Amino acid sequence: MREQLTKLKENATKFWQESSPNRKLLVAGLALLVIIGVSMGIWGITRSSPMVALYTDLESNDAAAIVAKLKELKVTYEIADNGATIMVPTELRDQARLDLAAAGLPKGVAGFESLSETRFGETTRDKEVRYILALQSELARTIKQLKGIEQAWVYLTVPQEALFAKDQQDRTASVIVKLSSGAELEPQQVMGIVHLVSRSVESLKPENITVVDSTGQVLSEDLPGMNKQTNSRLSLQQMDIQKQFEKDLAQSVQSMLEKVLGYNKSVVRVRAELDFDQQEIVQTQWGPNKFVRSAENNEEITTSQNTAAPVEGVGTPSNIPGNPTYPNANGETSNYSQQKTYSAVNNEIDKLETHRVVAPGKVRLLDVAVMVDNGEMQVEENQIRDAVTRAAGIRTDRGDQISVSLVKFDTSYWDKLQGDIAAEERQAAIIKWSIIGAVILAFILVGFIVYQTIRRRREQGMLDATIGEPILVEELLGPEDTMSPEEREKAKLRETIEQLAREKPEDVAQLVRSWLTEDLR
């Protein structure tokens with residue numbers, strides 16, 4: 001066996017040494033193509049099919065049952081997400097789902113459908129417990145359908161009914177939600193979950209419901225009741241407006257400083273207090289001019305006359321009722337006259353009344369802190385302070401403050417990070433262009449091999465076409481074969497002189513110059 005291998009090696013070495021350069025290149029190209037083809041074939045045979053998710057967010061009992069069934073069906077599977085996700089090959093996913101559905105998997109949590117079962121010997125308390133468990137499952141299913149929630153769990157606490165109403169404890173509920181990656185619940189969504197659970201459970205107050213996410217953060221901390229929910233929502237909106245105002249103002253000042261100092265040479269922080277109280281201001285101004293608005297004149301005259309009657313003493317006429325007259329002491333009549341005059345004038349004064357409503361959001365106080373890198377360039381603190389004061393709208397009469405600090409920034413971490421990113425980019429570029437170069441070189445090599453093959457076949461065809469035609473001896477022999485010995489010697493001498501002239505032109509020129517000198521002598 002060893003002798004055969006040695007002989008085969010010698011033959012291959014001899015064949016390689018005796019081959020022309022074109023044949024060597026052809027053999028190398030064919031060997032490269034064979035290696036690439038074999039490698040791709042091995043990769044296609046050995047590579048595994050892509051795995052896709054069969055089920056996700058599984059409970060532990062459902063995951064265990066599904067894995068056991070897949071083993072029984074002899075289906076390749078993988079477990080991910082700490083057992084919550086089961087992966088199978090793409091071509092087997094649909095069939096696996098059908099087989100598992102026929103086996104009643106996954107079962108999931110039991111909802112109201114569990115109440116359709118009739119259990120022998122079940123007490124009233126047992127039915128209540130089963131109803132509470134089914135209600136928890138149904139609420140969890142419903143909450144899970146909300147956008148941004150992957151999984152939900154609901155736990156209800158229903159105390160025993162007390163004999164007296166004053167001793168009755170309130171019902172409580174806890175909701176745990178697992179959010180999707182990057183998702184965040186808005187206060188309105190948390191309020192919706194609270195209302196859903198409150199309206200689904202009898203005598204459950206919204207303030208007794210707690211909503212917690214998977215990280216332990218209490219989402220319903222500011223939502224115990226309707227009134228407080230509204231106030232909390234307004235407070236959150238005001239905080240968002242204030243944060244956005246601070247962010248926009250800081251970015252405006254930061255962009256101005258970056259134009260002058262350069263990128264990453266300054267840091268700006270803004271703290272603002274906004275007034276969200278809506279005010280209505282009423283102003284009344286009284287002018288110096290006045291004019292008559294209304295005038296009233298009244299005149300009253302009263303006149304009376306008394307006439308005396310003959311004195312007849314006491315008798316019937318004097319007893320008759322009527323309008324008796326009373327004489328004066330002399331027995332003469334008297335006249336009475338009275339006149340009254342009333343005048344009223346109402347004057348109007350100029351009045352200007354202004355109603356002005358001040359919208360909420362007025363800046364009450366503003367504090368700005370600026371830090372500038374003073375490591376490489378010298379910066380004037382007063383110039384920075386004046387520019388930031390005008391750009392941010394600082395008002396000293398309002399109590400605004402500004403702080404400017406000149407310090408040396410530590411950029412070692414940033415420089416290291418930038419260096420790592422640049423190194424990764426260079427490495428990725430090298431790999432990319434290496435692959436592109438290898439592909440281009442392979443195409444060039446294959447094209448050259450194909451060209452050589454076609455050219456050889458064409459030359460072989462031309463040789464075959466000339467077979468059978470008479471060929472002269474002079475055509476087969478070279479020019480040296482037809483020369484005489486003297487001519488061959490002269491041609492050899494000429495070649496030697498020409499080679500010497502090419503290699504040592506100065507020596508040849510010196511030799512010719514010496515020959516000419518001797519001839520002249």
Side-chain angles (χ1 to χ4, degrees), residues 184 186-188 190-191 217 219 221-223 227-289 349-414:
E184 184 177 355
E186 298 292 336
Q188 294 82 355
V190 180
M191 188 186 303
Q217 181 181 1
L219 304 178
E221 186 174 3
D222 296 332
L223 306 173
N227 295 332
K228 194 169 181 180
Q229 286 175 359
T230 304
N231 296 334
S232 175
R233 183 169 65 253
L234 293 176
S235 300
L236 291 175
Q237 292 178 354
Q238 293 173 0
M239 291 179 62
D240 292 339
I241 294 174
Q242 181 170 322
K243 289 181 180 179
Q244 187 63 35
F245 175 79
E246 295 174 350
K247 181 180 178 181
D248 293 342
L249 184 58
Q251 288 180 350
S252 176
V253 177
Q254 182 84 35
S255 62
M256 179 191 67
L257 294 178
E258 287 180 352
K259 294 289 185 181
V260 179
L261 305 177
Y263 180 73
N264 203 24
K265 296 296 182 180
S266 61
V267 178
V268 180
R269 292 294 182 269
V270 176
R271 186 182 69 86
E273 293 183 7
L274 303 182
D275 187 3
F276 292 98
D277 298 333
Q278 185 173 0
Q279 300 177 359
E280 182 178 359
I281 301 175
V282 179
Q283 294 179 349
T284 303
Q285 297 179 358
W286 302 93
N289 301 325
I349 302 177
D350 290 343
K351 182 177 69 172
L352 178 61
E353 187 171 318
T354 304
H355 292 261
R356 184 165 59 94
V357 178
V358 180
K362 181 181 178 181
V363 178
R364 183 185 299 170
L365 185 64
L366 197 62
D367 292 338
V368 179
V370 179
M371 300 188 72
V372 178
D373 185 8
N374 197 24
E376 299 179 357
M377 56 184 300
Q378 298 296 328
V379 182
E380 292 293 337
E381 181 178 350
N382 294 331
Q383 295 180 357
I384 299 296
R385 185 184 301 275
D386 295 340
V388 174
T389 299
R390 294 181 179 275
I394 301 294
R395 292 173 50 184
T396 56
D397 57 343
R398 190 173 54 193
D400 299 347
Q401 295 182 359
I402 180 174
S403 173
V404 178
S405 302
L406 304 180
V407 296
K408 183 177 181 180
F409 287 6
D410 183 10
T411 60
S412 58
Y413 176 76
W414 175 259

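Treat the numbers as computed from the prediction; the structure is a model and nothing was measured. Computation of the quantities below employed the complete heavy-atom set of this structure, encompassing side-chain atoms and omitting hydrogens, waters and symmetry-equivalent molecules.
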> Who pairs with Thr389 by side-chain contact (heavy atoms from CB on, under 4.5 Å), at least two apart in sequence or on another chain?
Replying inline: Arg385, Ile394, Ile402
Using distance only, find each side-chain donor-acceptor pair of residues 254-261 under 3.5 Å and give its atom names and separation, not counting sequence neighbours.
| unit_1 | atom_1 | unit_2 | atom_2 | d |
| --- | --- | --- | --- | --- |
| Gln254 | OE1 | Val268 | N | 3.2 |
| Gln254 | NE2 | Ser266 | O | 2.6 |
| Gln254 | NE2 | Ser266 | OG | 3.3 |
| Ser255 | OG | Gln251 | O | 3.2 |
| Ser255 | OG | Ser252 | O | 2.8 |

> Can you name the side-chain contact (heavy atoms from CB on, under 4.5 Å) partners of Arg395, sequence neighbours left out?
Replying inline: Asp397, Arg398, Asp400
> What is the distance from atom CD of Glu246 to atom CD1 of Ile241, rounded to the nearest 0.5 Å?
Replying inline: 12.5 Å
> Does a sphere of radius 6.0 Å around CZ in Arg364 hold more than 12 heavy atoms from other residues, nucleotides or ligands, not counting ones at 6.0 Å or beyond?
Replying inline: yes
>> Run Lys408 and Asp373 through side-chain contact (heavy atoms from CB on, under 4.5 Å) and show every step you take.
In response: CA-CA 5 Å; Lys408 183 177 181 180; Asp373 185 8; 4.3 Å; yes
> For Asp248, what residues pass the side-chain hydrogen bond (donor to acceptor under 3.5 Å, both in side chains) criterion, not counting sequence neighbours?
Replying inline: Gln244
> Taking all non-hydrogen atoms of both residues, which atom of Val253 and which atom of Ala392 are closest, and how far apart?
Replying inline: CG2-CB, 4.3 Å
> Between CE of Met239 and CG of Leu274, what distance do you get to the nearest 0.5 Å?
Replying inline: 12.0 Å
>> Checking Gln217 now: which residues fulfil side-chain contact (heavy atoms from CB on, under 4.5 Å) with it, not counting sequence neighbours?
In response: Asp213, Thr215, Leu219
> Checking Glu381 side chain against Ser405 main chain: does a donor-acceptor pair fall under 3.5 Å?
Replying inline: no
> Can you check side-chain contact (heavy atoms from CB on, under 4.5 Å) on Leu249 and Leu366, steps first, answer last?
Replying inline: CA-CA 11 Å; Leu249 184 58; Leu366 197 62; 3.9 Å; yes
> Can you list the steps and then say if Val270 with Asp367 is a side-chain contact (heavy atoms from CB on, under 4.5 Å)?
Replying inline: CA-CA 6 Å; Val270 176; Asp367 292 338; over 6 Å; no
> Are Val368 and Val370 close enough, and set up right, to give a side-chain contact (heavy atoms from CB on, under 4.5 Å), and what steps lead you there?
Replying inline: CA-CA 7 Å; Val368 179; Val370 179; 4.0 Å; yes
>> Going by the rule side-chain hydrogen bond (donor to acceptor under 3.5 Å, both in side chains), which residues pair with Gln401 if we only count those two or more places apart in sequence or in a different chain?
In response: none
>> I need the Glu186 CD to Met191 CE distance, nearest 0.5 Å.
In response: 11.5 Å
> What residues, two or more places apart in sequence or in another chain, satisfy side-chain hydrogen bond (donor to acceptor under 3.5 Å, both in side chains) together with Glu273?
Replying inline: Arg271
